[in-house]
Amino acid sequence: MTFIVGDNCIKCKYTDCVEVCPVDCFYEGPNFLVIHPDECIDCALCEPECPAGAIFAEDEIPAGQEVYLELNAELAEVWDNITEKKEPLPDAAEWDGKPNKLQYLER
Ligand code: SF4
Ligand code: F3S
């Protein structure tokens, strides 16, 4: 099993999650992070760290966010690894909690 990053990370990208991952399996795009499913060891440490509540176990993905399972796998292959926390995106607080942010995903 793996954990995945879901919809509410987009345009927020708080990056608290990367600090706790023991296997450094987060990958960074312009306005979203993903987890590499083949590297995640299912430790669950990252899930409570995300201020946006955007991280889910593979078998607990909310309805409507199923597409993020494949998206995490796909983008983790092309984006760069991130292991240190950085500043969130400038409008993170404003975007936190807005629904259906997939349309804003930058690749
Ligand atoms: Fe990393 Fe553990 Fe989160 Fe997987 S569940 S991404 S191994 S912190
Ligand atoms: Fe995104 Fe949450 Fe990590 S907003 S960058 S999954 S801390």
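One-based numbering, in listed order, for ligands and for the atoms of each.
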Glu106 CD: over 12 foreign heavy atoms closer than 6.0 Å: yes

Under 2.8 Å from atom 4 (Fe) of ligand 1 - protein N/O/S, by chain and number: Cys40 SG

Charged N-O contact under 4.0 Å between Lys85 and Asp16: yes

Whether Lys101 side chain and Ile10 backbone form a donor-acceptor pair below 3.5 Å: yes

Atoms of type N/O/S from protein, distance to atom 3 (Fe) of ligand 2 below 2.8 Å: 1

Lys13 vs Glu87, salt bridge (Lys or Arg N to Asp or Glu O under 4.0 Å): CA-CA, chis, key distance, verdict: CA-CA 8 Å; Lys13 204 167 81 167; Glu87 287 297 310; over 6 Å; no

Nearest heavy-atom neighbours spanning His36 and Thr2: O-OG1, 4.4 Å

Distance-only donor-acceptor check, side chains Tyr68 and Asp7, under 3.5 Å: yes

Element-labelled atoms of ligand 1 that are located less than 4.0 Å from some non-hydrogen atom of Phe26: 6 (S)

Step-by-step side chain to side chain contact (heavy atoms under 4.5 Å, CB included) determination, Tyr104 to Lys98: CA-CA 11 Å; Tyr104 304 114; Lys98 290 226 163 71; over 6 Å; no

Ligand 2 contact by Pro51, heavy-atom criterion under 4.0 angstrom: yes

Salt bridge present between Lys86 and Glu28 (N-O < 4.0 angstrom): yes

Side-chain donor or acceptor of Asn8 paired with backbone N/O of Gly53 under 3.5 Å: no

Side chain to side chain contact (heavy atoms under 4.5 Å, CB included) assessment of Phe26 paired with Ile55: CA-CA 12 Å; Phe26 281 90; Ile55 299 178; 4.2 Å; yes

